[in-house]
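Protein chains get the first letters and strands the later ones, always in sequence-line order, with residue 1 at the start of each.
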2 protein chains.
Amino acid sequence: MSQTVDRALSILPLLAEGPADLGQVAERLGVHKSTALRLLRTLHEHGMVYRQSDQRYRLGARLIALAQEAMENLDIREIAHPHLVRLNEQCGHTVHLAVYEEDEVLYIDKVESRYPVRMYSRIGKPVAITVAAVAKLLLADLPEAERHALADKLEYPLYTARSTPNAPAFLKELERVSEQGWATDLGGHEESINCVAAPVRGADGRVVAAMSVSAPNVVVTAEELLALLPQVRRTADAISGEYSGRTPAKDPV
Amino acid sequence: MSQTVDRALSILPLLAEGPADLGQVAERLGVHKSTALRLLRTLHEHGMVYRQSDQRYRLGARLIALAQEAMENLDIREIAHPHLVRLNEQCGHTVHLAVYEEDEVLYIDKVESRYPVRMYSRIGKPVAITVAAVAKLLLADLPEAERHALADKLEYPLYTARSTPNAPAFLKELERVSEQGWATDLGGHEESINCVAAPVRGADGRVVAAMSVSAPNVVVTAEELLALLPQVRRTADAISGEYSGRTPAKDPV
DNA sequence: AGGTGCGTTGCAGTATGTGCAACGTCCATT
DNA sequence: AATGGACGTTGCACATACTGCAACGCACCT
């Protein structure tokens, strides 16, 4: 809606790919160098971009700090965390918490496995939306129209032979997940990694978050991991209960 | 430099304090509601803000994802990580990596303690700049003019009785740190937590990052922690060596 | 019904952002 | 050393695109 702001914000994902100089930014924005310069300067004043010693721009520290605050403001994370830790203490595997927001699913908390083999994933990282167990739960709860629209819009990268191949398969899987109330990802993202996930629901029954336990084949088989399902569901339900009991977070006066 | 972008970006830290509705945003920006609406819409299109069910705005998922990418692009983090993990395996305590950027010091990596007592800190979180051991190392290396200007600009919150009280004390401490080549924080931030830190240097000898080992009094005494100094310095030097040896990261074609 | 608070829309005026062209600087090349 | 090119930077005139206003719609409350 606002051209100037629109252009300025378009610079950020561009820089996320890697550092770029003024000319590159101007070219990719399709504007004159002087225009790009002024936008970058404004972004710089706010600490959103940083000018490194070779004069090129990259994303700045304030951006990272802001994102940090954004996550700390999510009350679901705060409530869930101790539960995730407890589950990790019981089973030893990696535990994730994820939320859905406008076409993206992202991890907002993680407790590392106590086994030597660690998974590659990070808080704040967008999830492989078409295969991850937590993503299935979050999307399965969307209103039908939105769910279909999103499924059509998505791409279906074939990470492995068991990745969800296309929209119809995905929608079918979502329905199955919706009925059974839990989800799995058996090697759909990385060949040797399996996950079991359960939904966290708000007072109105809508899914507000999803949590999962993940472990590589070399540690436990898929069957052994599935045996943890009751524990995972109990944990998710406990979080749901605590979350529903509270009044939604208000501003601190 | 660009008024519109400037205003739009000013919304973000404002929302970082907590969700806000249109009226509040407009008021705090000092602009008309319709103006604020257009800015918020533009931010929304880019996923930087999210409109929750009660119509209020809060920071959005794309912001978090961007920050994530920003950190993954920091080559120093990538190089340092395995070293941090190794140090953690040796000593068991929490290990941090931090960088300085335009008046802020922030953690860019962390390996959790293997003792049951965990520290409160998070990747991406700005560091208590006047007391943290890593901050001392990073600031001690700034050009004198910049260092003095910054020291004057800072605030000196008294977290504990041992917090750095004011600019002169801070500058004196920085000189000491600069000479000895390492730094400590002995209960300056939280009464019972101590840290030992060492600098990571680039090929030109400038400090590009700093790493620290932290542990609460209940686990080890300050003296015991200080005994780890040689190990910490060795680790930091190893990272420095590897970082200097490499050509600075270029765009992947 | 009537009133209040909030988000939203269309519009006219002009402040504000835009592209241009020229300049300075640094680096590579001859 | 001298020349050329690439890149960031500046000042300026133009008109686009942003602003604030006022009116509207809507939901909620009394």
Side-chain angles (χ1 to χ4, degrees), chain A residues 1-12 14-15 17-60 101-102 143 203-204 206 247-251 253, chain B residues 1-12 14-15 17-60 101-102 143 203-204 206 247-251 253:
Chain A
M1 284 251 110
S2 165
Q3 188 187 67
T4 319
V5 177
D6 185 43
R7 285 172 169 173
L9 293 178
S10 302
I11 293 177
L12 300 178
L14 191 153
L15 290 184
E17 297 170 21
D21 61 34
L22 178 63
Q24 294 171 324
V25 171
E27 191 190 7
R28 291 203 45 185
L29 276 190
V31 301
H32 198 267
K33 278 189 304 177
S34 59
T35 304
L37 180 66
R38 246 167 312 112
L39 297 176
L40 280 165
R41 277 224 248 265
T42 311
L43 288 168
H44 181 97
E45 274 174 25
H46 285 259
M48 303 293 283
V49 305
Y50 176 66
R51 193 143 199 207
Q52 37 187 36
S53 44
D54 63 355
Q55 294 245 87
R56 293 190 305 168
Y57 296 89
R58 62 169 175 74
L59 296 179
E101 186 181 311
E102 320 219 22
D204 55 0
R206 293 288 308 274
T247 56
K250 296 291 177 197
D251 301 351
V253 180
Chain B
M1 286 250 106
S2 164
Q3 189 189 67
T4 318
V5 177
D6 186 44
R7 285 172 169 172
L9 293 178
S10 301
I11 293 177
L12 299 178
L14 191 154
L15 291 184
E17 295 170 21
D21 61 32
L22 178 62
Q24 294 170 323
V25 172
E27 191 190 7
R28 292 202 45 186
L29 276 189
V31 299
H32 197 268
K33 278 189 304 176
S34 58
T35 305
L37 179 67
R38 245 166 312 115
L39 297 176
L40 281 165
R41 282 225 181 110
T42 311
L43 288 168
H44 181 95
E45 273 174 26
H46 286 259
M48 303 295 283
V49 306
Y50 176 65
R51 194 147 199 204
Q52 37 187 37
S53 44
D54 63 354
Q55 294 244 84
R56 293 191 305 169
Y57 295 90
R58 61 170 176 73
L59 296 179
E101 185 182 311
E102 322 220 21
D204 54 1
R206 292 289 307 276
T247 55
K250 296 292 178 196
D251 301 349
V253 180

Rounded interatomic separation in angstrom, taking [atom1] from [X] and [atom2] from [N]:
X	N	atom1	atom2	answer
Gln3(B)	dT14(C)	CD	C1'	12 Å
Leu39(B)	dT8(C)	CG	C1'	15 Å
Asp21(A)	dC27(C)	CG	C1'	15 Å
Leu37(A)	dG17(C)	CG	C1'	13 Å
Gln55(B)	dG5(C)	CD	P	17 Å
Asp6(A)	dG17(C)	CG	P	15 Å
Arg38(B)	dT16(C)	CZ	P	13 Å

Consider side chain to side chain contact (heavy atoms under 4.5 Å, CB included). Of Val49(B), Leu9(B), Val25(B), Thr4(B), which one does Leu39(B) pass it with?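 One option only clears the test, and that one is Thr4(B).
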Under a 3.5 Å distance rule, please check whether Gln24(A) uses its side chain to pair with a backbone N or O of Asp21(A) as donor and acceptor.
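Between the backbone of Asp21(A) and the side chain of Gln24(A) there is a qualifying donor-acceptor contact (under 3.5 Å).
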First and last nucleotide of DNA chain D in contact with chain B, 5' to 3', at under 4.0 Å to a heavy atom: what are they?
->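 So the contact region on DNA chain D extends dC18(D) to dA22(D).
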Thinking salt bridges, do [X] and [Y] make one under a 4.0 Å N-O criterion?
X	Y	result
Glu17(B)	Arg28(B)	yes
Asp204(B)	Arg206(B)	no
Arg58(B)	Glu101(A)	yes

Does Thr4(B) make a side-chain N or O approach to OP1 or OP2 of dG17(C) shorter than 4.0 Å?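 Thr4(B) to dG17(C) OP1/OP2: side-chain N or O found under 4.0 Å.
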Is there a side-chain polar atom (N or O) of Thr35(A) under 4.0 Å from OP1 or OP2 of dG17(C)?
->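 So the side-chain polar atoms of Thr35(A) never come under 4.0 Å of the phosphate oxygens OP1 or OP2 of dG17(C).
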| said: From the set dT16(C), dG19(C), dT8(C), return the single nucleotide nearest to any side-chain atom of Leu22(B). | reply: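 Closest of the options to the side chain of Leu22(B): dT8(C).
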Worksheet item: Considering only the P atoms, how many Å lie between dT16(D) and dC12(D), rounded to the nearest integer?
Response: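 The same atom, P, in both gives a distance of 22 Å.
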Worksheet item: Which comes earlier along DNA chain D counting from the 5' end, the contact point of Arg7(A) or that of Arg41(A), where each point is its nearest nucleotide?
Response: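 The residue closer to the strand's 5' end, by nearest nucleotide, is Arg41(A).
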- Message: Between His32(A) and Met1(A), which residue's closest nucleotide on DNA chain D lies nearer the 5′ terminus?
- Response: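 Nearer the 5' end of the strand: His32(A).
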- Task: Answer yes or no: is there a side-chain heavy-atom contact under 4.5 Å between Met48(A) and Leu12(A)?
- Result: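 Contact flag for Met48(A)/Leu12(A) side chains = yes.
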>> Students often get this wrong, so: under 4.0 angstrom with heavy atoms, is Ser34(A) touching a base, only sugar-phosphate, or nothing?
In response: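 Base, at least one base heavy atom under 4.0 Å.
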_Is it true that, when you exclude Glu27(A) itself, more than 12 heavy atoms of the residues, nucleotides or ligands shown sit nearer than 6.0 Å to its CD?_
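No - once you tally the heavy atoms of other residues, nucleotides and ligands closer than 6.0 Å, there are 12 at most.
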Mapping Lys33(A) and Gly30(A) onto DNA chain C by nearest heavy atom, which one lands closer to the 5' end?
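The answer here is Gly30(A).
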